[in-house]
Amino acid sequence: MQTKKLSKLFKALGSETRLKILSTVLKAPRCGKDLADIFGKDASTISRHVRELMDVGLIDVVRRGREVCVVIPKRKLLKRLLEIASKFG
């Protein structure tokens with residue numbers, strides 16, 4: 001992996017909110033409004049965090065009617081990544 005891509009990945013993982021989003025979505029797909037309610041944040045704040053995670057390929061978003069939902073296509077990879085990260089925190 002190129003240094004620049006790796007740097008973006010670690011930056012995306014460097015936010016407590018983004019790690020919480022990943023942990024929550026790992027358990028079950030969630031829509032943006034649900035995530036905003038769970039974390040007590042504005043929808044625009046959640047959207048920004050979701051965009052950053054999406055940009056580095058950790059999550060996907062899918063439309064379900066009028067809602068945009070966050071899913072993790074690489075469950076095994078992400079689960080392992082969170083396990084590794086938890087050893088450092």
Side-chain angles (χ1 to χ4, degrees):
M1 183 177 262
Q2 295 176 340
T3 306
K4 192 170 189 171
K5 286 183 181 179
L6 191 58
S7 176
K8 281 184 80 170
L9 175 65
F10 282 117
K11 181 181 180 237
L13 293 173
S15 162
E16 185 176 347
T17 299
R18 287 190 288 273
L19 287 175
K20 287 179 180 179
I21 289 170
L22 288 172
S23 180
T24 300
V25 175
L26 185 61
K27 295 172 189 164
R30 300 285 185 152
C31 293
K33 183 183 179 325
D34 296 337
L35 291 170
D37 291 344
I38 290 168
F39 299 116
K41 307 258 185 198
D42 292 334
S44 62
T45 300
I46 294 298
S47 178
R48 185 179 38 103
H49 286 297
V50 165
R51 168 62 62 190
E52 192 148 347
L53 292 168
M54 197 171 66
D55 286 348
V56 296
L58 291 175
I59 62 170
D60 283 338
V61 293
V62 294
R63 285 212 174 267
R64 293 190 179 153
R66 292 175 35 147
E67 295 185 312
V68 175
C69 298
V70 179
V71 297
I72 297 177
K74 304 167 189 164
R75 286 186 184 269
K76 290 181 184 178
L77 173 64
L78 185 60
K79 192 171 188 175
R80 182 68 182 132
L81 189 59
L82 289 173
E83 288 170 4
I84 292 168
S86 71
K87 293 180 183 184
F88 292 100

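Partner of Ile38 under the side-chain contact (heavy atoms from CB on, under 4.5 Å) criterion, chosen from Arg30, Lys20, Lys33: Arg30. Each of Leu26, Ile59, Leu35 was scored for a side-chain contact (heavy atoms from CB on, under 4.5 Å) with Ile21, with one residue passing: Leu35.
Scanning all heavy atoms of the two residues, the minimum distance from Ala12 to Val56 falls at CB-CG2, 3.8 Å. Across all non-hydrogen atoms, the minimal contact from Arg63 to Arg66 is NH1-O, 3.9 Å. When all heavy atoms of Arg18 and Lys11 are compared, the pair lying nearest together is NH2-O, 3.3 Å.
Note: Thr17 OG1 to Arg48 CZ = 8.5 Å, rounded to the nearest 0.5 Å. Within the model, atoms CD1 of Ile72 and OG of Ser23 stand 8.5 Å from one another, a figure rounded to the nearest 0.5 Å. Rounding to the nearest 0.5 Å gives a distance of 9.5 Å between CG of Leu53 and CG of Leu9. Rounding to the nearest 0.5 Å gives a distance of 6.0 Å between CG of Leu58 and CG of Leu22. Atom OG in Ser44 sits 14.0 Å away from atom CZ in Arg51 (nearest 0.5 Å).
Hydrophobic clustering (ILVMFWY, side-chain heavy atoms < 4.5 Å, transitive): Phe39 and Val71 are in distinct clusters.
Considering only heavy atoms from C-beta on, Arg64 comes within 4.5 Å of Pro29 through its side chain. Within the 4.5 Å cutoff, the side chain of Leu13 has heavy atoms near those of the Leu19 side chain. Within the 4.5 Å cutoff, the side chain of Val70 has no heavy atoms near those of the Thr24 side chain.
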